[in-house]
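For reference, the structure discussed in these notes is given below.
Counting convention: from 1, in listed order, for ligands and their atoms alike.
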Amino acid sequence: MSIFQAPAISRDLPLTWDLFHRDTVSLARRLKDTGKRFRGIVAVSRGGLLPAGVLSQQLDVKLVDTVCMSSYSTDKKQHRLRCLKGVFHDGLGWLVVDDLADTGETIRALRKMLPKATFVTVYAKPLGKPWVDMYVKSLEQSMWVSFPWEREPGLPAEATEQETDRAREGEGQGQRNSNSNNNKKDSRESDKAGSAMEWPMRRPVLHQIARRVPWQQRKRGR
Ligand SMILES: O=P(O)(O)OC[C@H]1O[C@H](OP(=O)(O)OP(=O)(O)O)[C@H](O)[C@@H]1O
């Protein structure tokens, strides 16, 4: 497994719904220009759910499935990528959609599951680009992308993760955690113990890939 170097956070990219929508429609137009028709779309949950909805409309593809990926920290400070729900075909004729290819680890893992699929993302960073067939916008590796669905309605695009958490929890419950890295890590570790890990009941976990990137160095600059 590759070891990725630490990208320094230089600036954030706060995306609005409108900009995300326009970028995803651009992706759809480029896909249409290829003349390729897709029998179905696989959204990479969670970030791929939103672009998949837009592409489903734009490309008039009504068959939509998901693969559900989760990454979490281990005691050895490694990061593992786990497939909570996969699909059981080779991807022929399918379009796999995610919001962002950051280190490329997610798409790289999914290419093993769906070797014949076409992989697209709306945004791609340098380490992620080699793993996708098409993307719309290139981002610096150090950028932290704040997607609109990760914030609360009414908060500005520049809202921090802490501001989003406070808005979700309401007044009086105190600040959950002053460190946004820990916020995400906590939620991922709770994923590890959650009931979603029970899927699929009678099949082995499809992909367990060691993530050797220290959390602070990981995608979106978090
Ligand atoms: O190229 P990579 O380094 O693998 O990063 C890209 C992945 O990271 C994000 O998901 P995240 O792990 O934040 O999970 P989420 O979509 O459930 O929030 C994004 O939606 C991609 O799936």
Find all atoms of ligand 1 within a distance of less than 4.0 Å from any non-hydrogen atom belonging to [X], and give their numbers and elements.
| X | answer |
| --- | --- |
| T103 | 1 (O), 2 (P), 3 (O), 4 (O) |
| A101 | 1 (O) |
| G104 | 1 (O), 2 (P), 3 (O) |

Can you tell which of D99, D98, D23, T24 makes a side-chain hydrogen bond (donor to acceptor under 3.5 Å, both in side chains) with Y123?
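Going through the options one by one, the only one that passes is D23.
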
N/O separation below 3.5 Å, [X] to ligand 1:
| X | result |
| --- | --- |
| E150 | no |
| T106 | yes |
| M69 | no |
| G47 | yes |

So which of L81, V132, D99 gets nearest to atom 20 (O) of ligand 1, if we judge by its closest heavy atom?
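Comparing heavy atoms across L81, V132, D99, the nearest one to atom 20 (O) of ligand 1 lies in D99.
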
For A101, is there any backbone N or O sitting under 3.5 Å from a side-chain donor or acceptor partner on K129?
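The answer is no, because no donor-acceptor pair under 3.5 Å joins these two groups.
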
Within the structure, is a non-hydrogen atom of G128 found at a distance of less than 4.0 Å from ligand 1?
no

Parallel, tilted or perpendicular: which fits the ring planes of W149 and F20, with parallel below 30° and perpendicular above 60°?
perpendicular

Could you give the distance from CE (M134) to OG1 (T34), rounded to the nearest 0.5 Å?
5.5 Å

Checking heavy atoms under 4.0 Å, the part of D102 that sits near ligand 1 is both

Indicate yes or no: at least one non-hydrogen side-chain atom of [X] is less than 4.5 angstrom from one of [Y].
| X | Y | answer |
| --- | --- | --- |
| W17 | L50 | yes |
| L114 | D90 | no |
| L63 | F38 | no |

